[in-house]
Amino acid sequence: MPWRSMTEQDLEAAKILADKIHVNFPEDMDVFVERLRLYPQGCLVLAEEGRLVGYALTHPWRFGEPPPLNSRLGAIPRNATTYYLHDVALLPETRGRGHAARGVERLVDKARSEGFGNLSLVAVNRSQAFWERMGFRAVSHAGLETKLASYGVDAVLMVQDLGRTGD
Ligand SMILES: CC(C)(COP(=O)(O)OP(=O)(O)OC[C@H]1O[C@@H](n2cnc3c(N)ncnc32)[C@H](O)[C@@H]1OP(=O)(O)O)[C@@H](O)C(=O)NCCC(=O)NCCS
């Protein structure tokens, strides 16, 4: 069951998945539409027998400045300093089979091959341990609490540094 690129035809099903999975953090269809338009190569879906069971929304961004939930990006910054994982989400019955790990590995490979120095994300829904398993670590810095406000009380900024030749 491979991950594949998201298309416009997947948007409606992806939004339905998101509403089921992120009950407490709903995001408008506009958010999905804009991410796919701005950075289609960072939008993936996982399908099982023709039915969408997972998705990932990712894009280059500025490290330490996670976009508020349910907000549009406007544009992908030219001076991006992180490869940002906005969301990786699977239906409950599809979890625990390594699919998420394979999707994340694909995204890490992509970020590395495009020359990013790190990937980052905001862990929610008690997913911190999953991200640690994937090689991320929690970070904190002054003022971050305000930027994470829309993500709920257990939100944690996490980073995976990518060793680059010459670093
Ligand atoms: C987080 C999520 C994507 C993980 O999906 P999954 O299918 O369970 O993950 P995988 O099966 O690929 O697990 C990969 C590894 O992480 C571990 N893992 C997964 N979830 C974990 C958790 N909550 N705590 C600890 N370890 C976890 C697995 O045991 C596995 O370890 P292993 O390689 O030693 O066997 C899934 O739980 C999900 O969709 N959650 C809801 C959406 C969400 O909160 N996404 C994160 C937003 S930041």
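Indexing begins at 1, ligand by ligand and atom by atom, following the structure's order.
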| task | Evaluate the side-chain hydrogen bond (donor to acceptor under 3.5 Å, both in side chains) criterion for residues D87 and Y55: first the C-alpha distance (whole Å), next the side-chain angles of each, then the deciding distance (0.1 Å), finally the verdict. | result | CA-CA 8 Å; D87 194 8; Y55 67 88; 2.5 Å; yes
| task | State which residues pass side chain to side chain contact (heavy atoms under 4.5 Å, CB included) with E12; sequence neighbours excluded, sorted by chain then number. | result | none
| said: Under a 3.5 Å distance rule, please check whether W61 uses its side chain to pair with a backbone N or O of E65 as donor and acceptor. | reply: yes
Present, as a list of atom pairs with distances to 0.1 Å, all nitrogen or oxygen contacts under 3.5 Å between ligand 1 and the protein.
from: ligand 1; atom 1: 7 (O); to: G96; atom 2: N; distance (Å): 3.0
from: ligand 1; atom 1: 8 (O); to: G96; atom 2: N; distance (Å): 3.1
from: ligand 1; atom 1: 11 (O); to: G96; atom 2: N; distance (Å): 3.4
from: ligand 1; atom 1: 11 (O); to: R97; atom 2: N; distance (Å): 3.3
from: ligand 1; atom 1: 11 (O); to: G98; atom 2: N; distance (Å): 2.8
from: ligand 1; atom 1: 12 (O); to: A100; atom 2: N; distance (Å): 3.4
from: ligand 1; atom 1: 12 (O); to: A101; atom 2: N; distance (Å): 2.8
from: ligand 1; atom 1: 31 (O); to: R133; atom 2: NE; distance (Å): 3.4
from: ligand 1; atom 1: 33 (O); to: R133; atom 2: NH2; distance (Å): 3.2
from: ligand 1; atom 1: 34 (O); to: R133; atom 2: NE; distance (Å): 2.8
from: ligand 1; atom 1: 34 (O); to: R133; atom 2: NH2; distance (Å): 3.0
from: ligand 1; atom 1: 39 (O); to: L90; atom 2: N; distance (Å): 2.8
from: ligand 1; atom 1: 39 (O); to: L90; atom 2: O; distance (Å): 3.4
from: ligand 1; atom 1: 39 (O); to: R95; atom 2: NE; distance (Å): 3.4
from: ligand 1; atom 1: 44 (O); to: N125; atom 2: ND2; distance (Å): 2.9
from: ligand 1; atom 1: 45 (N); to: V88; atom 2: O; distance (Å): 2.8

| task | Could you verify whether a donor N or O on one side chain and an acceptor N or O on the other, from E34 and H59, lie under 3.5 Å apart? | result | no
Show which side-chain atoms of residues 144-153 pair as donor or acceptor with protein atoms under 3.5 Å away, not counting sequence neighbours.
from: S150; atom 1: OG; to: L69; atom 2: N; distance (Å): 2.9
from: Y151; atom 1: OH; to: P67; atom 2: O; distance (Å): 2.4
from: Y151; atom 1: OH; to: Y84; atom 2: OH; distance (Å): 3.2

Can you give me every donor-acceptor pair (side chain of residues 35-45, partner residue at least two apart or in another chain, under 3.5 Å) with its distance?
from: R35; atom 1: NH1; to: S71; atom 2: O; distance (Å): 3.2
from: Y39; atom 1: OH; to: K110; atom 2: NZ; distance (Å): 3.4
from: Y39; atom 1: OH; to: E114; atom 2: OE1; distance (Å): 3.1

